[in-house]
Protein chains: 2
Amino acid sequence: MLSKKCKYAIHALVYLAERYQQGPVHIQDIAESQHIPKKFLEAILLELKNSKILHSKKGKGGGYYLYKSPEEVNLVEIIRLMDGAISLLPCVSYNYYEPCEECRDEKTCGIRDAFSMVRDETLRVLSGSTLAQIVQREKELGKV
Amino acid sequence: MLSKKCKYAIHALVYLAERYQQGPVHIQDIAESQHIPKKFLEAILLELKNSKILHSKKGKGGGYYLYKSPEEVNLVEIIRLMDGAISLLPCVSYNYYEPCEECRDEKTCGIRDAFSMVRDETLRVLSGSTLAQIVQREKELGKV
DNA sequence: TTAAACTCTACTGATTTTGTAGAATTAAAA
DNA sequence: TTTTAATTCTACAAAATCAGTAGAGTTTAA
């Protein structure tokens with residue numbers, strides 16, 4: 001399961017994607033509309049800014065806005081940033097690999113195959129799911 | 001990521017699958033060979049027994065053994081039992097469904113699609129991965 | 001100069017995870 | 001019948017992670 005932090009990040013980014021190139025958006029605005037605790041959201045947005053997904057403008061009239069285009073940001077990137085590995089086992093992770101403590105020998109472990117396939121399919125689906133796609137999908141579904 | 005508990009359960013079950021229909025196996029035996037803390041393993045095996053995957057024999061010469069056949073036990077069942085939902089979001093879960101607190105309207109949420117697909121692919125792969133298959137795979141890979 | 005916004009450090013409470021202790025129960029075997 | 005070796009069960013506890021808060025500092029527009 002994704003953490004709340006990660007779900008908050010996705011919702012905030014979708015909200016900002018809907019307002020792409022329309023100037024900075026207040027944290028307060030995002031927090032209220034998306035039902036996210038403001039102080040918690042602050043930390044999340046800061047992290048997204050440090051990862052060059054967002055930029056911010058300080059001071060009066062400031063706020064956060066998308067730095068990357070909505071087509072460039074996909075769910076894989078967001079999840080890895082917020083929650084870490086995509087895979088279900090550390091021993092089949094591309095970005096967060098660790099040897100399994102339990103497995104004595106990775107080469108003869110019969111369990112890894114299935115989880116490698118799950119990882120591949122998950123990456124395939126989530127990497128194709130960009131902010132632009134999500135916004136487009138919501139328009140199709142009739143969200144105002 | 002799977003919890004340690006879940007990984008322990010998988011390893012213990014594979015170990016028992018390799019000894020299917022060869023009588024009860026001591027917890028001690030499983031714990032030592034699979035590097036699992038014995039007391040923790042006790043709780044895990046008891047849970048697997050309560051779910052009718054294992055049976056046990058008490059007293060001297062007792063132990064645990066597979067009740068279901070290795071062909072009947074797949075990774076979906078084990079993960080659901082140990083860690084809960086397969087899906088990454090509660091709002092797309094079959095067995096652990098909960099409405100998303102963040103989404104005001106599930107029907108117009110553009111995020112769920114991708115996670116529904118991830119869930120479907122994950123279920124497809126993991127439901128096809130049985131204890132029998134894992135044991136077979138380990139034989140192929142040359143595990144003694 | 002003031003007000004409104006983000007920035008940053010530190011902290012805290014709740015929950016989950018990962019175990020451990022120890023007594024009770026059961027059953028085989030001596 | 002007693003001993004011994006195993007599972008069963010209840011209760012607890014340490015550690016890690018998650019979710020959220022407090023509050024001072026910095027920046028910028030008006």
Side-chain angles (χ1 to χ4, degrees), chain A residues 1-12 16 23-32 34-67 79 81-85 88 90 96 98 100-102, chain B residues 1-12 16 23-32 34-67 79 81-85 88 90 96 98 100-102:
Chain A
M1 283 279 188
L2 300 185
S3 67
K4 284 202 168 189
K5 186 183 171 192
C6 189
K7 285 193 274 182
Y8 290 160
I10 295 171
H11 282 282
L16 290 175
V25 180
H26 300 166
I27 290 180
Q28 186 70 33
D29 180 0
I30 308 173
E32 277 175 13
Q34 303 303 300
H35 310 94
I36 305 173
K38 191 191 166 200
K39 284 300 246 177
F40 197 15
L41 182 58
E42 277 183 22
I44 294 169
L45 296 178
L46 203 52
E47 224 173 308
L48 292 169
K49 185 199 160 191
N50 290 335
S51 304
K52 317 292 183 198
I53 294 173
L54 300 180
H55 264 189
S56 70
K57 188 163 181 285
K58 287 186 188 175
K60 198 166 184 174
Y64 280 94
Y65 54 96
L66 268 184
Y67 175 51
I79 294 172
L81 203 58
M82 295 292 127
D83 284 1
L88 293 174
Y96 297 83
E98 277 179 50
C100 260
E101 296 166 23
E102 295 80 43
Chain B
M1 283 277 188
L2 300 185
S3 67
K4 284 201 169 190
K5 186 182 171 193
C6 189
K7 286 194 272 182
Y8 289 161
I10 295 172
H11 283 281
L16 290 175
V25 180
H26 299 166
I27 290 180
Q28 186 70 34
D29 180 1
I30 307 173
E32 276 176 14
Q34 303 303 300
H35 311 93
I36 305 174
K38 192 192 166 200
K39 286 299 247 177
F40 197 14
L41 182 59
E42 277 183 23
I44 294 168
L45 296 178
L46 203 52
E47 225 173 309
L48 293 169
K49 185 198 159 190
N50 291 334
S51 304
K52 317 291 184 198
I53 294 173
L54 301 180
H55 265 189
S56 71
K57 187 162 181 287
K58 287 186 188 176
K60 197 166 185 174
Y64 280 93
Y65 54 95
L66 268 183
Y67 175 51
I79 294 173
L81 202 58
M82 294 292 125
D83 284 1
L88 293 173
Y96 297 84
E98 277 179 50
C100 260
E101 296 165 25
E102 295 79 44

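The chains referred to below are lettered A, B, ... by the order of the sequence lines, with proteins before strands, and numbering in each begins at 1.
The side chain of A:P37 has D:dT21 as its nearest neighbour among C:dG22, D:dA19, D:dT21. When distances run from any side-chain atom of B:H26 to the nucleotides C:dT18, D:dA6, D:dA19, the shortest one goes to D:dA6. Ranking D:dT27, C:dA28, C:dT18 by closeness to the A:K58 side chain, first place goes to D:dT27. Of the listed nucleotides (D:dA30, C:dC6, C:dG19), D:dA30 has the atom at the smallest distance from the side chain of A:K60. Closest contact between the side chain of A:F40 and the listed nucleotides D:dA19, D:dG23, C:dC6 involves D:dA19.
Ranked by how close their nearest DNA chain D nucleotide is to the 5' end, B:S56 and A:G59 are led by B:S56. Heavy-atom distances to DNA chain C give each of A:N50 and A:G62 a nearest nucleotide, and the one nearer the 5′ end belongs to A:G62.
In this structure, A:K39 places its NZ atom 7 Å from C1' of D:dG23, rounding to the nearest Å. Spacing between atom CG of A:L46 and atom C1' of D:dG25 amounts to 14 Å, rounded to whole angstrom units. To the nearest angstrom, P of D:dA19 lies 9 Å from NZ of A:K5. Between A:Q28 atom CD and C:dA4 atom P the separation is 12 Å, expressed in whole Å. Here the C1' atom of nucleotide D:dT7 and the CG atom of B:L41 are 12 Å apart, to the nearest Å. One atom, NZ of B:K4, and another, P of C:dG19, lie 5 Å apart when rounded to the nearest Å. Atoms CD1 (B:I36) and P (C:dT17) sit 17 Å apart, rounded to a whole Å. Put simply, NZ on A:K57 is 11 Å from P on C:dA5, counting in whole angstrom units.
At least one donor-acceptor pair under 3.5 Å links the side chain of B:D83 to the backbone N or O of B:S3.
Contact annotation for B:E42: base contact, defined as any heavy-atom pair under 4.0 Å involving a base atom. Counting non-hydrogen atoms under 4.0 angstrom, B:L45 reaches nothing in the nucleic acid.
Look at B:Y8 and you'll find a side-chain N or O under 4.0 angstrom from OP1 or OP2 of C:dG19.
Scanning all heavy atoms of the two residues, the minimum distance from A:K38 to A:A31 falls at CA-CB, 4.0 Å. Between B:Y65 and B:G23 the shortest heavy-atom distance is CB-O, 4.0 Å.
Screening B:L54, B:I30, B:L45, B:L66 for a side-chain contact (heavy atoms from CB on, under 4.5 Å) involving B:V25 leaves a single residue, B:I30.
By the 6.0 Å contact criterion, OH on A:Y67 is open, its count of non-hydrogen atoms from other residues, nucleotides or ligands being 12 or less.
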